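As the structure is a computational prediction, the values presented were derived from the model and not from experiment.
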Amino acid sequence: MAVLGLLGKKRGMVQVIEDDGRVVGCTVLEVGPCPITQIRTAERDGYAAVQVGFGPTPEWKVSKAERGHTGSNGALKHLAEFPADDYDALSVGQTLTAGEVFQAGDRVDVQGIGKGKGFQGGVKRHHFAGGPRTHGQSDRHRAPGSIGAGSTPGRVLKGTRMAGRMGGKAASSVNLEVVRVQPERGLVFVNGSVPGATDGLIRIRQSKRGPRSRS
C-alpha cells in the first residue's frame, strides 16, 4: 500500500504459538480504520505527506474548524501524517485499514506515550546503584550520591540526573516484526512490547531500520 503508517491503539499482550511450536509474546494493536483527511504536496506545503485521522468522537468535542477540516469523515479525535510510496493512488476521503498497509513479516516502528509514573527517585528513574549498605550508612540506600564539586564549578550542572517526574513522554519500539495480521478485525500482532497503557494511542509505520518483507 502506498501509505507507510497508520494510527491505532494498544489492546494488550498475548502469546502466539508459531507453526514450529515457538511461543512468541506479542502486543496486540488495533490499527485503523483511518480516513485520509489531507494530502500535502511539496508545491503547496513544502513537503509531501498523507494526513490520516483516527478515533471518531462526538462533534461537540472538536472545534468548528476541525470539523470543517475533516469534512465528510466526521469528527476525528487524532490526526497524524505519514509518508507514502505512491501519492497518485490516494485521495481525500479514502479509508485505510490495517490489512492494506501491513502484513506478516513486515518490520515496523511503534510510538506511544509511556506510562506516567509521577515523581520518582534517582534509583528508579536512572537505575542508580544507591549508597553502601554497611559502615554505618543507615539512610543512604536510595540516595543519588554526589551531584557536583565544591568550589569549581560551585553549582550543579544542567542535565545532572536527579529525582524528578518519570514517564508520560513519547517513546518508541523500533524494528519490531509483524507476527500476524487479522484484517477483518483490524488487529496487528507485533513481536515484543510497545510503549503505553492499554487503549493508549499508538503510531505504527513501516520501519526505516529493516527491509520490508513483501511476497
Without placing hydrogens or testing angles, list every side-chain donor-acceptor pair under 3.5 Å for residues 144-159, not counting sequence neighbours.
unit_1: S146; atom_1: OG; unit_2: G148; atom_2: N; d: 3.3
unit_1: S146; atom_1: OG; unit_2: G148; atom_2: O; d: 3.2

Residues that T57 engages under side chain to side chain donor-acceptor pair (under 3.5 Å), provided they are two or more places apart:
none

Apply side chain to side chain donor-acceptor pair (under 3.5 Å) to D109 and list each qualifying residue two or more places apart in sequence or on a separate chain.
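Once residues adjacent in sequence are excluded, the partners of D109 under the side chain to side chain donor-acceptor pair (under 3.5 Å) criterion are S207, R209.
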
Which atom pairs, one a donor and one an acceptor, fall under 3.5 Å between side chains of residues 31-42 and the rest of the protein, sequence neighbours left out?
unit_1: T37; atom_1: OG1; unit_2: Q51; atom_2: O; d: 3.3
unit_1: T37; atom_1: OG1; unit_2: Q51; atom_2: OE1; d: 2.7
unit_1: R40; atom_1: NE; unit_2: Y47; atom_2: OH; d: 3.0
unit_1: R40; atom_1: NE; unit_2: E81; atom_2: OE2; d: 2.4
unit_1: R40; atom_1: NH1; unit_2: D45; atom_2: OD1; d: 3.3
unit_1: R40; atom_1: NH2; unit_2: E81; atom_2: OE2; d: 3.4
unit_1: T41; atom_1: OG1; unit_2: R44; atom_2: N; d: 3.3

Which residues pass the side-chain contact (heavy atoms from CB on, under 4.5 Å) test with [X], not counting sequence neighbours?
{"X": "A163", "value": "F119"}
{"X": "P132", "value": "Q137"}
{"X": "D86", "value": "A2, D88, A89"}

Nearest 0.5 angstrom please: L6 CG to Q206 CD, how far?
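Rounded to the nearest 0.5 Å, the CG-CD separation comes out at 9.5 Å.
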
Roughly how far apart are K115 NZ and M166 CE, rounded to 0.5 Å?
12.0 Å

Taking ILVMFWY side chains as joined if any heavy atoms are under 4.5 angstrom apart, and letting links pass through other members, which residues group with M13?
none

Pairs meeting criterion ring pair (Phe, Tyr, Trp, His ring centres under 6.0 Å) with involvement of residues 126-184, two or more places apart
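Qualifying pairs: H126-F128.
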
Would you mind writing out the side-chain donor-acceptor pairs for residues 180-201 within the sub-3.5 Å range, not counting sequence neighbours?
unit_1: Q182; atom_1: OE1; unit_2: R185; atom_2: NH1; d: 3.1
unit_1: D199; atom_1: OD1; unit_2: R11; atom_2: NH1; d: 2.7

Indicate every side-chain donor-acceptor pair of residues 15-23 with a distance under 3.5 Å to a residue at least two apart or in another chain.
unit_1: D20; atom_1: OD1; unit_2: R22; atom_2: N; d: 3.1
unit_1: D20; atom_1: OD2; unit_2: R22; atom_2: NE; d: 3.0

If the condition is salt bridge (charged side-chain N to carboxylate O under 4.0 Å, His left out), which residues does R140 pass it with, not counting sequence neighbours?
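R140: no salt bridge (charged side-chain N to carboxylate O under 4.0 Å, His left out) contacts found.
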
